[in-house]
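Just so it is clear, the model here is predicted, and its values are computed rather than measured. Residue numbers count from 1 along this sequence.
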Amino acid sequence: MPVSPQHDLLTEKIAIDCEMMRSNIGQVLGRVSVINYEGAIIFDTFVCYPEPITVTNTDEKFSGIGRTDINPKNGALLFPEVQAHLVELLRNRIVIGHDIQKDLTVISMDLPSHIARLHGLFRLPTQVTFDIKIRDTQRCRKYLQFANAGAHQGPSLKNLALKVLGRPIKQSRVSSVEDAIATMELYRNAEADIEQEQGK
């Protein structure tokens, strides 16, 4: 069930996780979850898009998003509304993610420029900016040992949840809430190290 923005649950440090879908403009946000330092849900929603943008594949196996989830009749919010909520919720916070740059890329997308291009017009894209500080659990040095051999990036969230937190995630339907909670737990487990490495 979607959770509308809970401003009273905001803490200085919050975690975010996004699930993506494929569309006629490339990869787009399909679901976003924000949780606080204690693991309570601040915001959780599926995302839909105005025409002429069409979702070509929800990638349900990897995203946990079904076609019915992104139907506004079932509570999905339009991307511009989601983006506006995130600008407010994330402002002046320390935002924790796992491979967070991917999440920041999809939530800061300039939707009007894509719509203009689909109508044959040119509009210089200007990404939405977020007034935040970021921390990335994937970049934590003490966690790098858990990366798969030959991996070009850091350890997966799934590996870290199992090997550091001692519990499996992504066992059934993928959930950005579950992933955001695991990310915050991983941050809290290595908070002093991450702040020393990334808190400059």
Side-chain angles (χ1 to χ4, degrees), residues 1-7 9-10 13-37 39-51 53-91 93 95-111 114-115 127-128 130 132 134-138 156-158 160-161 168-187:
M1 289 294 292
V3 176
S4 58
Q6 307 292 306
H7 291 269
L9 294 179
L10 281 167
K13 297 176 180 180
I14 58 178
I16 189 170
D17 188 79
C18 299
E19 300 300 338
M20 324 308 185
M21 309 180 290
R22 285 183 273 170
S23 76
N24 60 339
I25 59 168
Q27 193 173 59
V28 294
L29 180 66
R31 183 182 182 184
V32 59
S33 303
V34 179
I35 61 126
N36 71 11
Y37 189 76
I41 303 171
I42 297 170
F43 183 46
D44 177 40
T45 188
F46 291 98
V47 185
C48 57
Y49 292 82
E51 291 186 350
I53 293 167
T54 56
V55 173
T56 56
N57 192 335
T58 63
D59 289 326
E60 186 168 3
K61 181 181 176 185
F62 302 103
S63 71
I65 303 167
R67 282 278 172 188
T68 57
D69 295 321
I70 59 171
N71 187 329
K73 292 177 183 174
N74 295 328
L77 298 179
L78 281 165
F79 177 79
E81 186 179 354
V82 173
Q83 196 174 52
H85 284 315
L86 290 172
V87 167
E88 286 299 313
L89 291 170
L90 274 54
R91 181 178 289 130
R93 309 278 164 199
V95 182
I96 297 134
H98 191 80
D99 195 9
I100 195 169
Q101 286 302 330
K102 285 183 181 177
D103 293 341
L104 295 178
T105 297
V106 292
I107 67 173
S108 61
M109 176 181 70
D110 177 14
L111 191 64
H114 286 287
I115 292 173
Q127 286 191 319
V128 169
F130 291 86
I132 61 174
I134 61 169
R135 305 289 185 266
D136 194 334
T137 52
Q138 191 180 60
S156 70
L157 186 60
K158 187 175 182 177
L160 289 180
I169 61 170
K170 304 179 188 284
Q171 291 298 290
S172 52
R173 187 178 185 193
V174 173
S175 165
S176 51
V177 169
E178 179 184 48
D179 290 357
I181 289 170
T183 297
M184 181 58 87
E185 288 180 18
L186 286 164
Y187 171 79

Can you see which heavy atom on [X] is nearest to which on [Y], and at what distance?
X	Y	answer
I14	L89	CD1-O, 3.9 Å
D136	I100	OD2-N, 3.2 Å
L10	R93	CD1-NH2, 3.5 Å
I35	I42	C-CD1, 3.7 Å
D44	S33	OD1-OG, 2.7 Å

Check whether any side-chain heavy atom of [X] sits under 4.5 Å from a side-chain heavy atom of [Y], and report yes or no.
X	Y	answer
I41	Q6	no
H85	V34	no
D59	E19	no
L111	I53	yes
I181	E178	no
M20	V47	no
V32	T45	yes
V3	F43	no

Nearest-0.5 Å distance that lies between atom [atom1] in [X] and atom [atom2] in [Y]:
X	Y	atom1	atom2	value
L160	H98	CG	NE2	5.5 Å
R135	Y187	CZ	OH	6.0 Å
N24	E51	CG	CD	10.5 Å
I65	S176	CD1	OG	7.5 Å
D179	L186	CG	CG	10.5 Å

Donor-acceptor list for residues 73-83 side chains, cut-off 3.5 Å, not counting sequence neighbours:
{"from": "N74", "atom 1": "ND2", "to": "T68", "atom 2": "O", "distance (Å)": "2.7"}
{"from": "Q83", "atom 1": "NE2", "to": "I107", "atom 2": "O", "distance (Å)": "2.8"}
{"from": "Q83", "atom 1": "NE2", "to": "M109", "atom 2": "O", "distance (Å)": "2.9"}

Is the backbone N or O of T183 less than 3.5 Å from a side-chain atom of T137, with the two atoms forming a donor-acceptor pair by type?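 Answer holds: no.
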Say whether, by atom type as modelled, one donor and one acceptor occur between the side chain of R22 and the main chain of T56 under 3.5 angstrom.
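A pair under 3.5 Å: no.
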So if I apply the side chain to side chain contact (heavy atoms under 4.5 Å, CB included) rule between Y49 and each of I115, I70, L29, which one comes out positive?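 When I115, I70, L29 are each tested with Y49, the side chain to side chain contact (heavy atoms under 4.5 Å, CB included) holds only for L29.
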Discussion item. Closer than 4.0 angstrom, basic N to acidic O: yes or no for R31 and D17?
Written reply: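 Answer for the salt bridge query: no.
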